[in-house]
Amino acid sequence: MSCVFCRIVAGELSCERVLEDEHVLAFKDIRPQAPTHVLVVPKRHLASLDELVDAHLAGALLHAAARVAGAAKLEKGWRLIANTGEHGGQEVAHLHLHVLGGRPLGRMLTPPKT
Ligand code: 5GP
Ligand code: ZN
């Protein structure tokens with residue numbers, strides 16, 4: 001199994017677990033971009049949002065992200081990001097949602113490097 005997030009789900013690689021249910025695992029990002037930076041992933045391998053056709057799983061992922069933000073008490077707000085594909089800047093090819101908060105996150109997009 002080469003997918004790093006599948007290996008985390010399987011317990012082969014360690015992570016700091018935040019939340020877990022039957023379908024979804026949430027764990028802290030190894031290189032946090034904000035005081036709260038949690039990744040929410042489906043336990044089943046899907047490469048990206050492009051492969052997400054299961055509406056129940058979609059709801060479970062969104063629900064888990066909202067629960068993570070609630071537990072982190074991000075009263076001043078937070079951001080959910082799903083980098084998808086090459087132009088979306090996706091580096092790990094296992095669908096994941098970034099839950100970010102705990103500081104002002106600035107504008108939505110930064111210009112690409114030329
Ligand atoms: P992407 O750019 O694909 O949306 O984000 C991938 C994220 O996964 C990055 O923020 C990166 O820090 C995180 N990441 C990559 N490998 C690992 C790992 O082994 N453990 C954890 N906890 N996060 C990882
Ligand atoms: Zn995977």
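Note that ligands are numbered from 1 as they come in the structure, with each ligand's atoms numbered from 1 the same way. Source: prediction; values computed, not measured.
- Counting only heavy atoms of the protein, atom 1 (P) of ligand 1 lies nearest to His96 NE2, 3.1 Å.
- Contact between Gln33 and ligand 1 is absent, with no heavy atom of the residue lying under 4.0 Å from the ligand.
- Under the 3.5 Å distance criterion, the side-chain polar atoms of His96 are matched with a main-chain donor or acceptor of His94.
- In terms of modelled atom types and a separation under 3.5 Å, the side chain of Gln90 and the main chain of Glu86 share no donor-acceptor contact.
- In Val4, the part holding a heavy atom less than 4.0 Å from any atom of ligand 1 is the side chain.
- With the Zn ion (ligand 2) as the vertex, SG of Cys3 and ND1 of His94 span 100° to the nearest 10°.
- The single protein non-hydrogen atom nearest to atom 15 (C) of ligand 1 is Val92 CG2, 4.0 Å, given as residue, atom name and distance.
- When distances from the Zn ion (ligand 2) to the N, O or S atoms of His45 are compared, ND1 comes out shortest.
- Distances shorter than 4.0 angstrom do not occur between any heavy atom of Cys15 and any atom of ligand 1.
- Using 4.0 Å as the threshold, Glu16 has no heavy atom nearer than that to any atom of ligand 1.
- The shortest heavy-atom distance from Asp29 to ligand 1 is under 4.0 Å.
- Inter-residue side-chain proximity for Leu62 and Leu80 is flagged as met; some heavy-atom pair is nearer than 4.5 Å.
- Ile8 counts as a contact of ligand 1, since one of its heavy atoms falls under 4.0 Å from the ligand.
- Residue-level proximity to ligand 1 for Leu13 is absent, since no heavy atom of it falls below 4.0 angstrom.
- Residue Glu91 approaches ligand 1 through these ligand atoms, each under 4.0 Å from one of its heavy atoms: 1 (P), 2 (O), 3 (O).
- Distances between N or O atoms of His37 and those of ligand 1 include no value under 3.5 Å.
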